[in-house]
2 protein chains.
Amino acid sequence: MTRAPKPALKARKTPMQSRSRVTVDAIFEATIQVLLRDGMGALTTTRVAERAGVSVGTMYQYFPNKQALVYALNERYLDTLAGRIEAVCARMQGAPLAKMAEALVDAYWAAKTERAEVTRALYRSVVELDNDALLHAFAARADAATTAMFATACDGAVEDVDALNLTLASVIYGTVRNAFERGLTDSEARVLRGNLVAMCRAYICTFSG
Amino acid sequence: MTRAPKPALKARKTPMQSRSRVTVDAIFEATIQVLLRDGMGALTTTRVAERAGVSVGTMYQYFPNKQALVYALNERYLDTLAGRIEAVCARMQGAPLAKMAEALVDAYWAAKTERAEVTRALYRSVVELDNDALLHAFAARADAATTAMFATACDGAVEDVDALNLTLASVIYGTVRNAFERGLTDSEARVLRGNLVAMCRAYICTFSG
DNA sequence: CCAAAAGCTGAAGGTTCCTTCATATCCTGA
DNA sequence: TCAGGATATGAAGGAACCTTCAGCTTTTGG
């Protein structure tokens, strides 16, 4: 009895031909652009379809309703993000804690900055839907990866991995997001990024010292 | 030539009699409740008015449109928050840096936690409007207060107050928000809060040592 | 080449919502 | 007490939007 998260949120049809795969991608991209240009309030099915160069009906062949579209978009983004974090965690197994933290900052910072507008657009869209499920799933996946990584630190065994993980994850993700929301200049961003790493390092010394 | 932020966002009329002051408060409170119960997507003028126990027309006597209502709500909240931060900063003048940081964490954490649902509701609503202006104004006010405070630290002169402020502000505000968005248990929250303070302290030693 | 499947179209139904305004009630100061 | 400003009402206009569906075009597999 595995109930689907929300029956109305599942994709209606999976693209089979390459033509339709292109269409779906165009719809996603159009959604991002409309979100960027006009904001969530002006995200209408017509506008998205128009910008994607397809008709409204086409949209409804792949998404049962507008909400499902936004949901899928965020799902896709968070999936990629989680994948990146997992990759970094795998690569840093057995490294010293400080290096791990630095790598995590780098990865997250890069992910957010690379396509800054997209990030910003998505932040504007998650709010509408029942994002608890989505964000919780992401957090669980990321936490699993980072916790596993921290447990392999070569610094000597960490007493309370969960506490360490909770702290570093919250501080890093939170700070990066906050930095992102202020419109920092490049130099400010560099300073903050460096200081964030320094802070993690300083904390780790206290923690495992 | 000081152009108003957005002509349509200014209040239409200021309450004069006590009766109307009550009404406006009821409308604000109703907005929060609807936001909480049904989310931003279901925030309709009718619903708000109904919950506030007034008619739709009444709403439009104080707010030119729906957007202005949400805007005013956030403005009010951020104003209070900024006021609190300023108060803490004033009280901690001349203290050691570590104490300042701790007080800041306390204040911000308390402000967010005290009426957690309200905070959550507002987070859901800022996204819709042109929040850049609002958030930027808040950040500027808070930064001014904290920077001034840090400059009076009795630890010996800080080399680069702006860098210190940027770092601590971003880390503290960001982390608290992130902590708030995960649904932390009480014990997790306590641990994180303690570690955040420890982190700031560790960083400060590095910085001013 | 052909039939079936996949994909696409877009006008229109039906709903929801924002906002107005003419009217009615309440409050204050004289 | 009374006039006039302040406040409240809520039905209705009008605009915007989501979603459907019957029919058309393109692609695939044999």
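The figures here come from the full heavy-atom set of this structure, side chains too, leaving out hydrogens, waters and symmetry mates. Throughout, a chain's letter reflects where its sequence line sits, starting with A, and its residues are numbered from 1. Since we're looking at a predicted model, the values are computed, not measured.
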Looking only at D:dT20, C:dA6, D:dT9, the nucleotide nearest the B:Ser55 side chain is D:dT9
Can you measure B:Arg47 atom CZ to C:dT16 atom P for me and round it to whole angstrom units?
10 Å
Given C:dA6, D:dT7, D:dT19, the nucleotide with the shortest approach to the side chain of A:Lys66:
D:dT19
Residue mapping more 5' on DNA chain D - nearest nucleotide basis, B:Arg21 or A:Gln17:
B:Arg21
In this structure, how many angstroms lie between the C1' atom of C:dC8 and the CD atom of A:Glu50, rounded?
17 Å
Name the nucleic acid region contacted by A:Thr44, choosing base, sugar-phosphate or nothing; use a 4.0 angstrom heavy-atom cut-off, strictly under.
sugar-phosphate
Nearest whole Å is fine: how far is C:dT16 C1' from B:Leu43 CG?
14 Å
Give a yes/no answer on whether the side chain of B:Thr58 brings an N or O atom under 4.0 Å of OP1 or OP2 in D:dT7.
no
Hey, are B:Tyr123 and B:Lys112 close enough side-chain-wise for a donor-acceptor pair under 3.5 Å?
yes
May I ask you to decide whether A:Arg84 forms a salt bridge with A:Asp79, counting only side-chain N to carboxylate O separations under 4.0 Å?
no
Can a salt bridge be assigned to the pair A:Arg124 and A:Asp38 using a cut-off of 4.0 Å between side-chain N and carboxylate O?
no
Mind checking A:Ser20 for me? I need base, sugar-phosphate or nothing, with any heavy atom below 4.0 Å counting as a touch.
sugar-phosphate
B:Met16 CE to C:dG29 C1', straight-line distance once rounded to whole Å
15 Å
Would you mind reading off the distance between B:Asp25 atom CG and D:dT7 atom C1', rounded to a whole angstrom?
16 Å
Output yes when at least one side-chain N/O atom of A:Tyr60 is less than 4.0 Å from OP1 or OP2 of D:dT20, else no.
no
Distance alone, cut at 3.5 Å: any donor-acceptor contact between the side chains of B:Ser125 and B:Asn74?
yes
Under 4.0 Å between a side-chain N/O of A:Thr45 and OP1 or OP2 of D:dC17, yes or no?
no
Can a side chain N or O of B:Thr23 be found less than 4.0 Å away from OP1 or OP2 on D:dT7?
no
Per atom distances to the A:Arg19 side chain, the nearest of D:dT27, D:dC18, C:dG10 is D:dT27
If I take atom CD in residue A:Gln67 and atom C1' in nucleotide D:dC17, what distance separates them, rounded to the nearest angstrom?
15 Å
Rounded to whole Å, CG of A:Asn65 lies from P of D:dT20 at a distance of 8 Å
What is the separation between atom CD on B:Gln61 and atom C1' on C:dA24, rounded to the nearest whole Å?
12 Å
Checking all strands, does B:Leu69 fall into the base, sugar-phosphate, or nothing category for heavy-atom contacts under 4.0 angstrom?
nothing
Ring centres under 6.0 angstrom apart (A:Tyr62, A:Phe28)
no
